[in-house]
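We use all heavy atoms of the structure for the numbers below, so side chains are in, but hydrogens, waters and symmetry mates are not.
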Amino acid sequence: MLAKEPSFTPPERRCKQTIPVGILYSVSEQYGGIGREMLNGIMLAIEEVNANEAMDFTLAPVIYDPGCQLENYYRYCRELLYRHGVKHIVGCYTSASRKVILPLIEGTNAMLWHTARYEGYESSDHVIYMGAVPNQHVLPMLDYVLKHERPEVYHVGSNYIWSEEIDRITRDMLDMHEGKMVASRFMGLGETDVTPIILDILARRPPVILITLVGISAYRFYQVWKAMSVEYAFLREAAPTRLSLTLCEQEVAMIGAEAVEGCLVSAVYFHSIDNVQNQKFASCYRQRFGEHAVPTVDAEAAWMSGQFLAKGIQASGSDDPPLVREAVYGIELDAPNGKTRINRENNHASLTPRLARIGADGKFHLLWQAPSPVSPDPWLTWSDLSR
């Protein structure tokens with residue numbers, strides 16, 4: 001019979017410093033599904049850090065759910081900083097939410113660990129950007145379109161900063177290659193009346209659809225597309241190539257595999273990556289969140305944030321944001337997506353771009369991946385759009 005753990009806490013555990021960490025993800029309302037994935041990722045990382053006896057501290061998560069409301073992001077961020085005294089916040093999915101809280105973060109000399117893919121064109125000393133920027137996910141997808149499709153793109157997206165910037169980048173690249181943007185249609189966040197847009201697609205018959213809808217707007221688009229394909233042969237037989245920069249494994253399960261089969265997705269992480277680090281990550285994720293749980297690109301980015309944060313605190317001997325940031329520059333994380341570093345010049349992560357196609361089984365089947373991690377170019381200053 002195995003001996004039980006002693007009921008007292010050993011002295012070396014009692015003396016560990018407890019460091020509060022703010023968690024600011026919307027786990028309810030229109031993009032709550034993605035928020036829950038991000039929350040899972042950071043919580044898994046925190047639990048792993050706290051179980052590591054080599055660490056001189058434990059991390060104490062202070063969790064707020066803004067419910068996709070920008071005013072709540074601001075209010076809860078303020079509470080985290082002033083009421084709870086946190087110096088590090090992991091959070092935000094939309095660029096609008098990040099921009100709302102950034103003045104608070106910068107004004108208190110705190111640090112935001114931003115885990116979502118985003119449009120770039122930003123670099124703050126007070127943000128570590130863990131998500132992919134356009135040269136790591138938009139340009140690889142457009143390269144594929146230019147090589148394999150007629151470069152005529154119909155864009156439908158959610159009406160906020162991210163979709164608008166992706167639209168501009170796509171137009172610029174298409175113009176350089178004698179392609180064209182057939183149309184750009186934007187919907188309000190959470191809007192679900194997608195039928196008029198699909199009817200417009202039927203009238204124009206573009207060869208490629210770029211979809212940057214998020215949350216329930218995206219889910220509704222794919223489901224209505226599938227339903228309308230019964231009546232309209234173009235949507236099922238001569239269907240245009242549908243491109244996504246956001247679809248992930250959890251969303252496929254929510255939408256239904258039959259509605260997104262064939263979609264081409266660009267991301268730096270898929271559950272199907274075959275390496276030792278991802279196998280270990282996926283196993284730990286299942287053990288923590290259930291045998292059917294599948295990690296996504298959003299969960300992996302949040303997990304990396306927690307790992308980098310902890311390693312930065314350990315290396316610097318402090319949770320002071322400038323000291324942690326300086327320590328993080330010297331750390332290389334052997335992550336599920338590949339070896340990852342934080343670029344000193346812009347605070348963004350090096351990441352490995354990948355393309356995958358969703359099969360009838362709902363799985364992401366890899367088509368291509370970069371041979372090595374790609375350095376972040378958030379301003380597209382050195383990336384060649386004419387390649």
Side-chain angles (χ1 to χ4, degrees), residues 20-27 29 31 34-35 38-39 41-42 61-134 136 158-166 168-169 189 212 214-215 298 301-302 304-306 308-309 312 319-326 328-329 342-349 351 376-381:
V21 177
I23 313 295
L24 196 60
Y25 286 128
S26 291
V27 297
E29 303 304 328
Y31 50 85
I34 298 298
M38 292 176 162
L39 179 61
I42 184 58
V62 185
I63 303 170
Y64 278 87
D65 171 19
C68 303
Q69 300 298 314
L70 294 182
E71 60 270 24
N72 287 343
Y73 277 98
Y74 187 90
R75 178 159 62 94
Y76 294 156
C77 179
R78 188 176 180 83
E79 287 195 24
L80 287 168
L81 295 169
Y82 290 100
R83 177 184 168 194
H84 297 282
V86 306
K87 299 178 182 178
H88 297 271
I89 294 177
V90 182
C92 296
Y93 176 55
T94 66
S95 289
S97 61
R98 184 187 70 255
K99 290 182 180 296
V100 160
I101 70 169
L102 189 53
L104 288 172
I105 298 289
E106 293 179 334
T108 54
N109 198 33
M111 183 70 73
L112 172 65
W113 298 76
H114 180 62
T115 55
R117 300 147 282 180
Y118 89 114
E119 70 281 350
Y121 297 96
E122 181 181 295
S123 181
S124 170
D125 287 341
H126 298 270
V127 183
I128 299 294
Y129 303 85
M130 295 304 309
V133 290
Q136 296 166 324
S158 293
N159 190 16
Y160 75 117
I161 301 164
W162 186 66
S163 288
E164 292 168 359
E165 285 298 313
I166 300 306
R168 184 183 60 79
I169 293 167
L189 284 169
T212 59
V214 298
D298 301 293
M304 287 196 296
S305 290
F308 268 114
L309 171 59
D319 65 340
D320 184 58
L323 296 179
V324 172
R325 181 181 63 232
E326 184 61 32
V328 162
Y329 294 146
I342 304 301
N343 185 291
R344 179 184 290 272
E345 284 68 42
N346 55 43
N347 282 0
H348 289 68
L351 300 163
D377 182 18
W379 302 95
L380 292 180
T381 54

Which of Ile128, Ile105, Leu309 passes side-chain contact (heavy atoms from CB on, under 4.5 Å) with His88? It is Leu309
Output for pair (Asp377 CG, Glu345 CD), nearest 0.5 Å, gives 11.5 Å
So Cys92 and Ile101, do their side chains get closer than 4.5 Å, heavy atoms only? yes
Side chains of Ser163 and Asn159: do they bring a donor and an acceptor to under 3.5 Å?
-> no
Ser305 and Met130 have their tightest heavy-atom pair at OG-CG, 3.0 Å
Ignoring hydrogens and geometry, is there a side-chain-to-backbone donor-acceptor pair from Ser26 to Asp65 under 3.5 Å?
no
Taking every heavy atom of Asn346 against every heavy atom of Ser123, the minimum-distance pair comes out as O-OG, 3.1 Å
Does OH belonging to Tyr74 count more than 12 external heavy atoms closer than 6.0 Å?
no
Do Val21 and Val62 come within less than 4.5 Å of each other through their side chains, counting heavy atoms only? no
Glu122 meets the side chain to side chain donor-acceptor pair (under 3.5 Å) criterion, sequence neighbours left out, with Arg98, Lys99, Tyr129
Those residues at least two apart in sequence (or on a different chain) that pass side chain to side chain contact (heavy atoms under 4.5 Å, CB included) with Tyr82 are Arg78, Thr108
Q) Can you find a pair of side-chain heavy atoms, one from Ser124 and one from Asn347, that are under 4.5 Å apart? A) no
Applying side chain to side chain donor-acceptor pair (under 3.5 Å) to Glu79 and not counting sequence neighbours gives Tyr64, Arg83
Heavy-atom closest pair (Leu80 atom, Ile23 atom, distance to 0.1 Å) is CD1-N, 4.4 Å
- Query: If we ignore angles and hydrogens, is there a donor and acceptor under 3.5 Å between the side chains of Tyr25 and Thr115?
  - Reply: yes
